[in-house]
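In listed order, ligands and their atoms are each counted from 1. Side chains are part of it too, since the values below use all heavy atoms of this structure and drop only hydrogens, waters and symmetry mates.
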Amino acid sequence: MYTQSMDLPQKKEQSASAPGAPENPEYQREFDARLAQGEFIEAKDWMPEAYRKTLIRQISQHAHSEIVGMLPEGNWITRAPTLKRKAILLAKVQDEGGHGLYLYSAAETLGISRDEMFEALHTGKAKYSSIFNYPTLTWADIGVIGWLVDGAAIMNQIPLCRCSYGPYARAMVRICKEESFHQRQGFDLLMTMMQGTNEQRVMVQDAVNRWWWPSLMMFGPHDSESTHSERGKQWGIKRISNDDLRQKFVDATAPQADILGVTLPDPNLKWNEKQERYEFGNIDWDEFWNVVNGNGHCNRERLAARVSAWQDGEWVREAALAHANKRAAKHPDGRVGEQAAPSMETAPMQTAPTAGST
Ligand code: BYC
């Protein structure tokens with residue numbers, strides 16, 4: 001499986017970078033200097049414990065969002081209106097699963113296990129994006145998720161490709177490329193519907209009305225209310241603030257709504273010529289916190305789906321482990337290929353051609 005576990009931190013006693021290693025002013029100065037120079041911090045490098053914890057929190061929550069994000073769209077795979085749209089949706093949902101796996105792998109390099117991360121999700125300790133607690137009521141919701149939700153995700157995630165932690169930044173490069181396709185297929189789906197019947201246009205407008213505000217909430221609370229922004233910026237994890245990203249998203253999306261022929265559900269949305277940006281109305285923060293705190297439309301349903309997937313998959317994990325143990329017993333030297341290469345002692349002397357041989 002694709003993994004970054006080659007970069008796993010060494011054992012505590014072997015490495016000053018291991019979780020729980022003592023803080024050290026000299027290492028701290030070196031760490032600060034590297035951040036100031038815009039260098040990546042890598043898995044085996046020393047890092048302050050709070051930096052490690054913040055990354056584990058953010059990356060694991062990001063991974064959970066991808067995995068939980070498969071549910072509202074997965075709900076429509078069997079009901080896609082054409083074979084083409086079904087194939088696209090299937091590929092998109094599969095991509096989200098892949099994103100979750102890269103991100104879990106990136107988080108593992110910080111010394112947390114995947115089981116611990118799942119445990120945090122299943123017990124409600126770890127968050128995932130508020131957006132996935134809204135229901136997908138019609139086929140138009142699938143287009144709107146691509147256009148608005150993936151659009152907001154890209155806006156938030158492009159700066160993460162330059163975040164200070166190497167394994168996270170590299171995972172984000174590939175994720176952003178795929179998200180960009182996701183956004184375009186959503187726009188394309190909606191454009192097709194807008195060129196269809198009046199009923200289809202009404203369906204699209206209804207979906208836009210329901211998803212617009214939750215999409216703006218994806219960027220998190222106002223900067224003044226954001227508990228992690230200050231440190232995140234100092235550590236080069238957060239390059240652009242929640243409010244600035246939200247503004248960029250509105251500025252990019254409002255003209256796209258005009259092209260589609262839909263109205264964004266905000267009477268206060270207007271172009272400010274002087275400031276060269278859109279003004280927009282107030283977000284309902286009570287709704288946001290209600291959803292974040294587990295009381296949205298689908299919070300319980302989403303979590304229950306993840307927990308039952310985990311329980312139903314127990315036999316697969318057991319079988320995979322039994323298989324791995326069997327192979328390890330068969331190949332104690334760690335080689336797991338079809339045929340283990342002969343060891344130095346048993347290898348015939350002239351297996352490799354020497355220079356000048358024909
Ligand atoms: N939903 O101090 P703040 C996708 C929490 S998946 C829930 O500003 P930070 C896709 C926040 O965690 C997209 N909770 O935090 C998948 C914190 O609580 P904790 C997911 C939220 O970290 C499938 C508290 O509020 N993207 O694209 O500086 C299909 C205070 O917030 C939300 C990512 O995860 C929210 N919307 O900034 C389609 C990107 N917002 O942890 C698409 C990576 C805030 O102290 N994450 N909270 O309990 C980030 O960039 C940042 O973590 C955030 C928040 C901008 C989200």
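Aromatic ring pairs are classed by plane angle as parallel below 30°, tilted from 30° to 60° and perpendicular above 60°; the pair H62 and Y168 is perpendicular.
Remark: minimum distance from atom 30 (C) of ligand 1 to any protein heavy atom is reached at T227 OG1, 3.6 Å. Looking only at heavy atoms of the protein, atom 56 (C) of ligand 1 is closest to M218 O, 4.2 Å.
Between D150 and R184 there is no salt bridge, since no side-chain nitrogen of the basic residue lies less than 4.0 Å from a carboxylate oxygen of the acidic one. At a threshold of 4.0 Å, the pair D243-R246 counts as salt-bridged, since one of the basic side-chain nitrogens sits closer than that to a carboxylate oxygen.
The CG atom of L101 lies 5.5 Å from the CD1 atom of I67; values are rounded to the nearest 0.5 Å.
Geometrically, ligand 1 and D150 share no nitrogen or oxygen pair separated by less than 3.5 Å. Here's the thing with W289: none of its N/O atoms is less than 3.5 angstrom from an N/O atom of ligand 1. Where the criterion is an N or O separation shorter than 3.5 Å, residue side chain and backbone included, E96 fails it with respect to ligand 1. In terms of polar-atom proximity, Q61 is counted as a contact of ligand 1, with an N or O under 3.5 Å from an N or O of the ligand.
Contact check for M155 versus Q247: no side-chain heavy atoms found under the 4.5 Å cut-off.
Only the side chain of Q58 comes within 4.0 Å of ligand 1, counting heavy atoms alone; its backbone N, CA, C and O stay farther away.
Using a 4.0 Å threshold on non-hydrogen atoms, atom 53 (C) of ligand 1 does not count as touching the protein.
Using a 4.0 Å cut-off to heavy atoms of G69, the atoms of ligand 1 that qualify are 23 (C).
Remark: aromatic rings of F40 and Y165 are distant, center separation not under 6.0 Å. The ring of H64 has its center closer than 6.0 angstrom to the ring center of Y104.
Contact annotation: G232 has no heavy atom less than 4.0 Å from any atom of ligand 1. Using a non-hydrogen distance threshold of 4.0 Å, E73 registers as a contact of ligand 1. Contact analysis leaves M70 out of contact with ligand 1, as no non-hydrogen atom separation drops below 4.0 angstrom.
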